[in-house]
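Numbered from 1 within each chain, the chains take letters A, B, ... in sequence-line order. For clarity, every value in this text was computed on a predicted model and none was experimentally measured.
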Amino acid sequence: MHDRLLLRLELEDLNTAYAAALDEGELDGWPALFTAACTYRIVPRDNFERGLPLALMHCESRGMLEDRVASLRRASVYAPRALRHLISGVRVLRSDGGVVHATANYAVLQTLSDHETTLFNTGRYLDELVREDGALLFRQRLVIFDSVLVPGSLVYPL
Amino acid sequence: MHDRLLLRLELEDLNTAYAAALDEGELDGWPALFTAACTYRIVPRDNFERGLPLALMHCESRGMLEDRVASLRRASVYAPRALRHLISGVRVLRSDGGVVHATANYAVLQTLSDHETTLFNTGRYLDELVREDGALLFRQRLVIFDSVLVPGSLVYPL
Amino acid sequence: MHDRLLLRLELEDLNTAYAAALDEGELDGWPALFTAACTYRIVPRDNFERGLPLALMHCESRGMLEDRVASLRRASVYAPRALRHLISGVRVLRSDGGVVHATANYAVLQTLSDHETTLFNTGRYLDELVREDGALLFRQRLVIFDSVLVPGSLVYPL
Amino acid sequence: MPIRPWPAGELTRVPFWLYTDADVYAREQQRVFGGPTWCYVGLAAEVPGRGDFKRTQIGDKPVVLVRDEHGALHVVANRCAHRGVQFCQRDSGTAREFICPYHQWTYDLRGALRAVPLRKGLRGQGGMPADFRMADHGLERMAVAERHGVVFAAALDGGAPALEDYLGPAMLGLFDRVFDGRQLTLLGHMRQRIKSNWKFMFENIKDPYHASLLHVFLVTFGLFRADQPSAVVMDATGRHAALISRRAEQPASTATAEMRSFQADFRLHDPRLLDPLREFPGEATVVMQTLWPNLIVQQQSNTLATRQLVTRGPDAFDLIWTFFGYADDDAAMTARRLRQANLMGPAGLVSVDDSEMMEFSHAGLAPAPEAAAVLELGGHDVADTDHMITETAIRGFYRYYREVMGL
Amino acid sequence: MPIRPWPAGELTRVPFWLYTDADVYAREQQRVFGGPTWCYVGLAAEVPGRGDFKRTQIGDKPVVLVRDEHGALHVVANRCAHRGVQFCQRDSGTAREFICPYHQWTYDLRGALRAVPLRKGLRGQGGMPADFRMADHGLERMAVAERHGVVFAAALDGGAPALEDYLGPAMLGLFDRVFDGRQLTLLGHMRQRIKSNWKFMFENIKDPYHASLLHVFLVTFGLFRADQPSAVVMDATGRHAALISRRAEQPASTATAEMRSFQADFRLHDPRLLDPLREFPGEATVVMQTLWPNLIVQQQSNTLATRQLVTRGPDAFDLIWTFFGYADDDAAMTARRLRQANLMGPAGLVSVDDSEMMEFSHAGLAPAPEAAAVLELGGHDVADTDHMITETAIRGFYRYYREVMGL
Amino acid sequence: MPIRPWPAGELTRVPFWLYTDADVYAREQQRVFGGPTWCYVGLAAEVPGRGDFKRTQIGDKPVVLVRDEHGALHVVANRCAHRGVQFCQRDSGTAREFICPYHQWTYDLRGALRAVPLRKGLRGQGGMPADFRMADHGLERMAVAERHGVVFAAALDGGAPALEDYLGPAMLGLFDRVFDGRQLTLLGHMRQRIKSNWKFMFENIKDPYHASLLHVFLVTFGLFRADQPSAVVMDATGRHAALISRRAEQPASTATAEMRSFQADFRLHDPRLLDPLREFPGEATVVMQTLWPNLIVQQQSNTLATRQLVTRGPDAFDLIWTFFGYADDDAAMTARRLRQANLMGPAGLVSVDDSEMMEFSHAGLAPAPEAAAVLELGGHDVADTDHMITETAIRGFYRYYREVMGL
Ligand code: FES
Ligand code: FES
Ligand code: FES
Ligand SMILES: [Fe+3]
Ligand SMILES: [Fe+3]
Ligand SMILES: [Fe+3]
C-alpha cells in the first residue's frame, strides 16, 4: 500500500511535468518523457470502443514525437493558442514485470488570442510506464478523448 | 499531521475510484463505495443555503443507489452521453468517533454524441466516511452544485 | 525526494485552503494565507510575456488584500456569483534560502444566478512561499491568466 | 395575419415551423404571455413574510413577486423606470423598498417611485425639471390573483377575467383538489434548461398516450398505465386540461402485452421509493393539470409540484419545479414526498424520459419546417374522454392557440 | 430570384456575402443538398451486416443509413412520422426495426410503418380513426445508389440521374481508380467542426495553387509541388473536379525558390512517417476529387479517406473523415496507412493548415460582405489544365453553383 | 429611412429597441464606425519601432496598425485582397512585410501588393492573366492621423475633417491636457467582454449623476462627488464630451446625506492605494473624455488610460484598456499609477460597478423593446453645465447619433 501510494505520487509528478511541457511551450521536454521505443496515440472514444485502429496522432517512436514537435515549429500554419491541462484522478491499475499500468482523467482548456477560454477536449490517459535510470517514462500513452468531434484543429498533443 | 496526510491521500484514491465508476460506465461499482445504510443526495446550492430539504437525487440506502443504477439501465430513456469527472481539493475537515468528515471540489464535463464537450456541472462534495473491513466508505455524500439550473437532464449521479 | 514530496503535498493543502476561502465565501481567510509584506498580482498572459507591469489586481501588502475584501463587501456593486476553483499540477520549482518557488495550474468556473455554469478563467500560479510559525505562507502569488479577455467582471480574486 | 399557411388537416396537423420560427416566437410573447391571461408566478409560501420577494419570469419578461408591508402581493417588472436596469439581482430575499443600484431611484413594494436622489439638484443647480412627476415613473405593475396559495399575474387593464372564470368550473375543481386551502410548505426547487420549444412541454403533459409507452418506471410499477381507469378533461376553450388516472393492481394484460415498457421482473431493492399513501378524496391517484399558458400542476401519488415554463427563445425553455407539501404533513409524509421526488425533475426516474423526448423532438423537426405532426389518435375532434388512448387535449390546445395567435 | 446582385467580374469574383447570408444558406439546403443530387452518406463497409445502421446528415437533415435483412441499403430521415422525434440516438449499431421511443411507433428497416401501439384502442375506446392508413405514415425515404462500396442518397423521385451519369466519364474513371471493386476495410473516423462556411472546403480542394505554397510538409517532402507533373480535371458541368499530381524526386528549382515553404534542411527523425508505396496504376501519386455537393475523395500516397461535409449554419461545418484500406492489405500496408494518417484530419501535419486557413478566411471576410474574392489565376475561364497554377476549378464550381442557386 | 419610429419626448427618450435591433446594429457599422469619423486605433507607443504592428478592430472590422520602415503609421484592413483571409494572426509583433499564409501574396507595410507567387506561371503555364495589375489588389487602406502619440483612422477619401477640427477646440484642449506632447510609456492592457450594447459605455461616461451615487469607493474617498466643483463640456455637435471634477476634502454634507454610497467609517488598511499626486495644470483632478465613436480618455488622479470600444454584435462589446504613463515618470509615479489601476478595468474597485450596471441595463431592457429610457435630469436640452446633476451629455450624444443614423 505504501509503495503503491508513492508510485501514484510519482506518477502525479510525471503528469505534472507532462502538462507543463505542453502548456508552457517547452515542447522539447515532451518527447523526453517517453522511452525511445514508445507509442503515443490520440484516439476518439468511438474508434476505441469499436476497435478501429485509426488515431489522430499516431507516433510509434520517440523520433516520431520529435518529428511532431519539429513540424509544429517549422511546417504547420495555425493561429496562436494557449493550452491549459487539468489532470486528475491519477490511478495505478497494476504493476507487473517492471511495467506500471496507469490511468488518469484530463481536460484541456484552450484560449485563442482575443477569444474567451474554451473547453477544448476531455478524456483519459491509458499508460504503460517503465523505469529507466531511476525515472519513470511512458512506454505507451493512449489518449482516449470523449468527443468524436474536435473543435477546429488539434494542433498540440493532448 | 502525517496520519492526516495519509488520510487525505486515501480519500483521493476513493474519489478517484468513485469518478472512474461513473466515467467508465462501471456503475455497479458505484454503490459498493457506500455503506449499506447511507445517504446520497444531489442538492442545488439555493436549496442547501435556504435549508430546503428537496434533492434531485435522494437516496437513503445502498439499495436505493442500486435501484438508481437499475433504473438507468432498464427504465430510463435518454441520449447516450460520456461523463468526465475532475475532482480536486480533497480536504479532511475533521475526524471524530471513527467518522471522517471531508469535502472536495468537482466539475463534471459531458459529451453528447456528435456534440462538443460541455461543462455540465460543478460544485462540492460534503462527505462522511467510516471504515469497514479496512476500507473507507461513504456513509454520506452530499453533492451541492453551484448552478440552480441543470442543462437538459441529470441522468447519471454526479 | 521524500522531503520534496512532503513539500508538494503541503503546498496542495495550502492551495486547497486558498480555493476553499474563495469558493465558500470565507474571504477573511484569504489574506491570512499571505505574509504581511506580500505581493499578489493578476496579470494577463500578454502583459506578462511582453514584460508590461500592469495588473488587474495589484496588491503590495496583506493590508491591500484586506482592502480588496472590504471593498468587495462594502463598496462594489455586482451580481451574485458562485466560483469553483480546480487547482492541479502543484509543483515545487525550487527551494532556496527558506523560500519555496512553486507553480500550479488552475481553472475557475463561475455560475451567475439562473445562468449555466461557465468556464471563467484559466492560467497558472507562480508562487514564492516562506514558513512562518511552522506554516507555509504566500510571500508572492502571481496569477497569470491565459486569456487576454475577461468575460464580464473579475469580482473575486482568482 | 398568418405568418405561414397552416397545413391541410386542420386540427390533426401541426406544422413544424411553429416550433422554430422567430416571428411566431415574438408573437407568442405578445399574445400568449402578454395577453389577458393569468400567468403563474409562484407560491405564496415562497414569499411568506412582509417584504419577502422572489424573481421570476413571464415568458421573456423578468418580474418580481413581492409581499408588501400589509401582506398584499404585487408583481412588478424587474426594469427600472429610469433607464431600464434590472434592479433586482438576488433570486429571493426580503426588502423594505427596491433601490435601483445605478442612480438609486427608490420604489416602494407596490412599484411606486418614492425617491430620486438629487432630484432638486444641489445649490440650485441641476436636478429634475419642474414638470417631472414621480407618479409617472413607477415600475410597470401587473394585476395579481391568488387562490389557495398559488399566485398568478396578468397585464394590468389587459381585460383578464376573474381567475376562477379563467380556469372554468372543471379546472377549478381539480385545482382546488390539491390547493384545498391548507397552508402549503415549500420543500424546494429544481430547475432545468431544455433545448426544445416550450410548447412541447404542454403537448407532453396533455398526451396520456406516451405515458403508457415511454415510462418503464410508471408502467412497471403501475403508476400510470393505459389499462387503468382514467380520463382527459378540458375547460370550454381547450386551453386548459387535466389527465386523471387511478393506480390499480392489475396483472399483465393484453394492454401490457402491447407495452414494451412493462418489465415484469423489475423489482426495487428499497421499496420505500414507491410507498404511496392515499391522501386526496376520490379515486384518482394521479392528476396532471396544464393551465394556459405557463403552468403544470403535478400530483403523482404523494409528490406535489408546480412546474413553471419560462421561454428562452424558440429553441429552449426553462422548467422550474417547485415542490411542496402541507403544513399539517407529519415527518413520514414529508419523507415520502422527498423520496417520491426521485421520479420527477431533471434527474427524475420518470421525467428524464420526457425532457429527453422533448429535445429529440426539437432536434428531429427543426430541419424539416415544412413537415407536420400527426395528431389523429382518438379521432379528429376535441372532447373530454374517459380513456387515455387519445391526443384530444393536444388538438384542443392548438385549436385555442391558433385563435389567440391568428394562425 | 437573386438574393443580392452578383458583383461585376463574373466568374472571377465571389462576393463575401455568399458565405454568411442566412437566406443563401436556407436556399442551399433546398437546392444544393435537397436537389436532384447524389449526396454521400457513407461506406458500405460501415454497415456490413444485416440490420447494421449508422446516423449521418445530408446538409442539415439527419438521416439513417441501414442495411435491411436482405442486404439492401436504405436511407431514411431520422424523424418519426408521428410527431417528429429523432428516433435514432445511437451513432451506429444493429437493429431489426426502428422503434421511436416516444410512443413506440415501429418502422421496418425500409422505413415502412409496421406498428402503432394501441392503434385499435382498448376495450373499444380510443385508438386511431378508421381511415388511418399505415402506408401513409412511413419514414421519409431517399433514393440510394452504391458503387464499389460507396453509398449515396438523393431525394426520392427528385429526378436525379443515374449515379454514373451524375459523375460523368472523367470523374467515374478517377472514382473507380480508388474504388476499384475490392472490398474496403474501415480503419476509423475523425471528425472536426470548422468555423467557416462549407464552400471554403470545396474551394480549398479545388485549389492546387495553395498546396504548393501553404503546406511546408507537402512541399518539403515532395508530396505535392507546383513543379511536378499535374492536372486539373472537371466534369462537363464543373461541379465535380479532381487535382492530380505525381511525386517526383526533384531538386530545389526555380519553383522552390518561389516557395517559402520549401525547407531543404528539414529531415525526419523517424522516416517511416513518409514511406509511400506505389499501389495504383498510372503515374499519379495524389488524386483529390471533389464530388458535388458533399464529398471529397482523398488519395494522397497510401492514405485513403472520404471526407464528408455536414453544414452547421452559414458559419460552420463538420468535416467527417472516414479512413479505409482494402481487404487484401497486408499488415505492413495497414501500418503505412495509419502512419500516413498523421498528415490528415484535425491533427494532420498537412490538413491543419487548411482547416486553419478556412477559419482565417471566414473571420476575414465576414465583416466585409460587400467585398469579393479574386479568382483570376490561370485566366478567366473554366477548362481542364495540365498544370497547377490555376483557380479554374473554383471558377467552375461557382459557375455551376450560381446556376443551381439562381444567383 | 427610420427603422422604427422614435418615441415621443424627443431628446429625453431613448427607445429600448435601439440597443438590440439587428438592423440598427448593421447601420451603425456603416454610418457610425464606417463614416467620416476618426476612430481610435492605438497609441504610437504600442508600435514604437520600424515594422512594429498591432491588430485591432474598428467596429466589426479587423485592422492592423503598423509603422513602416520610414517611421510612418498605416492602418490596413486585416483581410487579404486575394480571397479574404485574415492574414495577421499575432496580436502584435514586428514585420518587414505582410505575407498572407494561404497563397503568400505579399504586401508591404503600406498595404501595397508586392508579390504574387507563381504570378507568371511555370514553364509558360498558368499564372495571372496579362491584365492583372498589382496596383489594383492592395489591402484596403485607411487614412491615419496621430496627435501627441494617439493614433486614429478613418475611411480613406471618406471626407473626414482634420482631426483637430473633428475634435473641436474644447475637446482638443482637454485632449492636449493629458496628451501634452511628452513621450508616452505603455504600462499594459486589460480587456473585457461586456454583455451589453456598446452605447451604454458612452452613456455611462457621459453620466456624472451615477458616479456620485453608484461608486461607494469614489464617493467615500472623495474622488468624485456631486458636491465637488465640476463641469460637463461638449463639442459643438454633442458627439464628444468631457466630465471634469475636482477632488476636495469636503466633510459629510447635505449631498452625502442623499448618497447612500458615502460610508464615513470605511478606512483603508494600506492607504498607498489612494495616494494621488497633482500632476496636471489647473484644478481638475478627474477628466473623463468620450470621443465619438469609440474612445474614452481616462484621467482619474494618476491613473491614465485609453478605453477603446469594439462592437461584438448588438448584445456585447469588448472594452480594451490601455494604461500609460510618461517617459519622464519616476519609479514612484509608475508605482502610483499601477496601484491606482486597482480602481479601473475588469477588476476595478470602481469600474466593476459600471460594467455590471451595463449588463444589468441590457438584461433589463432587452425584453421590453417598446419601452424607453427617461433622460430628464438637468432639463430637456443639450448645453454645457458647471455641475454634475444632469444627463445633458447623453441627450447630446443621441441628438447627434440620430442625425448620423437617420433615426
Ligand atoms: S437606471 Fe435605475 S436609477 Fe437610473
Ligand atoms: S413521436 Fe414517434 S411515436 Fe410518437
Ligand atoms: S487568400 Fe491571401 S494569398 Fe490567397
Ligand atoms: Fe411523461
Ligand atoms: Fe491544402
Ligand atoms: Fe462609473
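Remark: Q110(C) CD to T122(B) OG1 distance equals 10.5 Å, nearest 0.5 Å.
Proximity to chain B (any heavy atom under 4.5 Å) is restricted, for T118(C), to the backbone atoms N, CA, C and O. Contact of V150(B) with chain C is not made at all, since no heavy-atom distance falls under 4.5 Å. With a threshold of 4.5 angstrom between heavy atoms, Y106(B) approaches chain C through N, CA, C or O but not through any side-chain atom. The contact between E24(C) and chain B is made entirely by side chain atoms (from C-beta outward), counting heavy-atom distances below 4.5 Å. Using a 4.5 Å cut-off between heavy atoms, N15(C) does not touch chain B at all. For a residue to count as touching a neighbouring chain, one of its non-hydrogen atoms must lie under 4.5 Å from one of that chain's; by this rule I87(B) does not touch chain C. Both the backbone and the side chain of R124(B) come within less than 4.5 Å of a heavy atom of chain C. Both the backbone and the side chain of T117(C) come within less than 4.5 Å of a heavy atom of chain B.
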Just do the side chain to side chain contact (heavy atoms under 4.5 Å, CB included) check on L119(B) and L109(C) with the steps written out, would you?
CA-CA 9 Å; L119(B) 180 52; L109(C) 312 166; 3.8 Å; yes
Quick one: do R45(B) and T111(C) satisfy side chain to side chain contact (heavy atoms under 4.5 Å, CB included)? Show the steps, please.
CA-CA 11 Å; R45(B) 195 180 176 102; T111(C) 312; over 6 Å; no
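Counting heavy-atom pairs closer than 4.5 Å to chain C, the top-ranked of the candidates D46(B), T103(B), L149(B), N105(B) is N105(B). Of the listed residues D114(C), L112(C), L9(C), the one with more heavy-atom pairs under 4.5 angstrom with chain B than any other is L9(C).
Counting only heavy atoms from C-beta outward, the side chains of T16(C) and R8(B) never approach each other to under 4.5 Å. D146(B) is not listed as a side-chain neighbour of D23(C), based on a closest heavy-atom distance of 4.5 Å or more.
Closest approach of E116(C) and P151(B) over heavy atoms only: OE1-CB, 3.6 Å. In plain terms, the two heavy atoms of H115(C) and S147(B) that are nearest each other are O-OG, 3.3 Å.
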